[in-house]
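Order of the sequence lines sets the chain letters (A, B, ...), proteins ahead of strands, with each chain counted from 1.
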Protein chains: 2
Amino acid sequence: MICKSYDYFFTKFANRANLEIIFLLKSWPMNVKMIIEKTGREQSATSHNLKKLCDCNILKVEKRGRERFYSLNKETVLPILELVQKHIRKNCKGCKYA
Amino acid sequence: MICKSYDYFFTKFANRANLEIIFLLKSWPMNVKMIIEKTGREQSATSHNLKKLCDCNILKVEKRGRERFYSLNKETVLPILELVQKHIRKNCKGCKYA
DNA sequence: AATTCATATGATTTGCAAGTCATACGACTA
DNA sequence: TAGTCGTATGACTTGCAAATCATATGAATT
């Protein structure tokens, strides 16, 4: 069924921690330490999250020494976020969390 | 935090049953009975799902007698689905579910 | 070579969203 | 007005994704 891959993709965005990482990396690439500092979450949890985000190419990694720099796949992710923002602004005035 | 409303929105798409409904309603509006028939899922579950999808205006409802017709908010949802499809095709060749 | 630093990994636990079950409700029909 | 049809609702249960915990890895530094 086609829905599977969509589900798989959307799942990554349906998570506060992941979204925080994504929004954070809109500015510039960061290594794990920086990401942890900014988000205030656990190292291990963050590492798991980063892996999943890489799995479907929402993020990409680059190794430098013992650090790893994660960057956002802006080409496809930013336009999606824009459309979603548009929807939220237009349609979610009365919504629970908007 | 801004992420909340995004999370809330994306959660609706990160679910097989919901996605099936969304894709189904790309063709035309349907009442609950039709939706159940096509998806093969439980009436009660479907009703819960439909409610959530309406909550953030991914779907809208129209009452006709004792039936309720659900239709997709094509204006904002279709463009999002297209971009996501694009991402999946490009970036998820080797992904678990793509 | 031992230690520390940056990060990943695997196993386990846990929280919560989604499904189930039972029931309610309102609109139509006989 | 009793019954049934289409759908919603609320309480309860459950499955699974995400967080946690403990440990590993590999690269730098001493």
Side-chain angles (χ1 to χ4, degrees), chain A residues 1 3-25 29-56 58-71 95-98, chain B residues 1 3-25 29-56 58-71 95-98:
Chain A
M1 166 61 90
C3 295
K4 243 191 203 172
S5 56
Y6 284 85
D7 187 4
Y8 180 66
F9 176 83
F10 278 119
T11 298
K12 309 297 176 296
F13 289 88
N15 174 285
R16 286 284 287 286
N18 285 357
L19 281 170
E20 281 174 22
I21 293 171
I22 289 167
F23 279 95
L24 190 61
L25 295 180
M30 297 188 188
N31 67 11
V32 179
K33 237 196 160 194
M34 288 194 269
I35 294 171
I36 291 168
E37 254 179 49
K38 294 286 185 185
T39 58
R41 296 181 184 270
E42 297 244 350
Q43 182 271 315
S44 180
T46 303
S47 188
H48 282 296
N49 291 335
L50 288 168
K51 188 173 193 319
K52 283 178 195 164
L53 288 168
C54 283
D55 280 349
C56 53
I58 291 166
L59 304 185
K60 63 189 222 290
V61 217
E62 193 191 332
K63 294 179 73 171
R64 284 185 224 165
R66 52 188 169 195
E67 300 170 62
R68 303 200 188 181
F69 283 77
Y70 285 88
S71 58
C95 289
K96 210 170 164 187
Y97 293 116
Chain B
M1 167 60 90
C3 294
K4 241 189 203 174
S5 56
Y6 283 84
D7 186 5
Y8 181 66
F9 176 83
F10 278 118
T11 299
K12 308 297 176 295
F13 289 87
N15 173 285
R16 287 284 288 285
N18 286 358
L19 282 169
E20 280 175 22
I21 293 172
I22 289 167
F23 278 96
L24 190 60
L25 296 179
M30 297 188 187
N31 67 11
V32 179
K33 236 193 160 198
M34 288 195 269
I35 294 171
I36 290 168
E37 253 178 49
K38 294 285 184 185
T39 59
R41 296 182 184 269
E42 297 244 350
Q43 181 270 316
S44 181
T46 303
S47 188
H48 282 296
N49 290 335
L50 288 169
K51 187 173 193 319
K52 282 178 196 166
L53 288 167
C54 284
D55 280 349
C56 54
I58 290 166
L59 305 185
K60 63 189 221 293
V61 217
E62 194 190 332
K63 295 179 72 170
R64 285 186 222 165
R66 52 189 168 194
E67 300 171 63
R68 301 200 189 182
F69 283 77
Y70 286 87
S71 59
C95 290
K96 209 170 165 188
Y97 293 117

Just the atom pairs and distances: protein N or O near nucleotides 14-18 of chain C's N or O, under 3.5 Å.
unit_1	atom_1	unit_2	atom_2	d
C:dA18	OP2	B:K52	NZ	3.4

Does the distance from a Lys or Arg side-chain N to an Asp or Glu carboxylate O, for A:K60 and A:E62, drop under 4.0 Å?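 Result for this pair is no, no salt bridge flagged.
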Electrostatic pair A:E20:A:R41 at N-O distance under 4.0 angstrom: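 The answer is yes: the pair qualifies as a salt bridge.
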Please examine the side chains of [Y] and [X], heavy atoms only from C-beta on, and report whether any two atoms are closer than 4.5 Å.
| X | Y | result |
| --- | --- | --- |
| B:M34 | B:N31 | yes |
| A:I58 | A:F9 | yes |
| A:L25 | A:M30 | yes |
| A:Y70 | A:V32 | yes |

Can you list, in residue-number order, the parts of residues 33-46 of chain A that come under 4.0 Å of DNA chain D, counting heavy atoms only?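 Correct list: A:E42, A:S44, A:A45.
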Can you check whether [Y]'s main-chain N or O pairs, donor with acceptor, with [X]'s side chain at less than 3.5 Å?
| X | Y | answer |
| --- | --- | --- |
| B:T46 | B:E42 | yes |
| A:K52 | A:H48 | no |
| A:N49 | A:N18 | no |

Which part of the nucleic acid, if any, lies within contact of A:F69, taking any heavy atom under 4.0 Å across all strands shown: a base, the sugar-phosphate backbone alone, or nothing?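 Counting heavy atoms under 4.0 Å across all strands, no contact is made by A:F69.
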Of all residues at least two apart in sequence or in a different chain, which pass the ring-ring contact (aromatic ring centres under 6.0 Å, His included) check with A:F10?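 By the ring-ring contact (aromatic ring centres under 6.0 Å, His included) rule, A:F10 matches B:F13.
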Using the test ring-ring contact (aromatic ring centres under 6.0 Å, His included), find all partners of B:F69 that sit at least two apart in sequence or belong to another chain.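 In terms of ring-ring contact (aromatic ring centres under 6.0 Å, His included), with neighbours along the sequence ignored, B:F69 is linked to no residue.
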Is there a donor in the side chain of A:N15 and an acceptor in the side chain of A:T11, or the other way round, less than 3.5 Å apart?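 Side chains of A:N15 and A:T11: no pair found under 3.5 Å.
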Which nucleotide span of DNA chain D, 5' end to 3' end, has atoms closer than 4.0 Å to non-hydrogen atoms of chain A?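 Nucleotide range with atoms under 4.0 Å of chain A: D:dA18 to D:dT29.
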Polar atom pairs between nucleotides 26-28 of chain C and protein, under 3.5 Å, N or O only, would you list them?
unit_1	atom_1	unit_2	atom_2	d
C:dA27	N3	B:R66	NH1	3.4

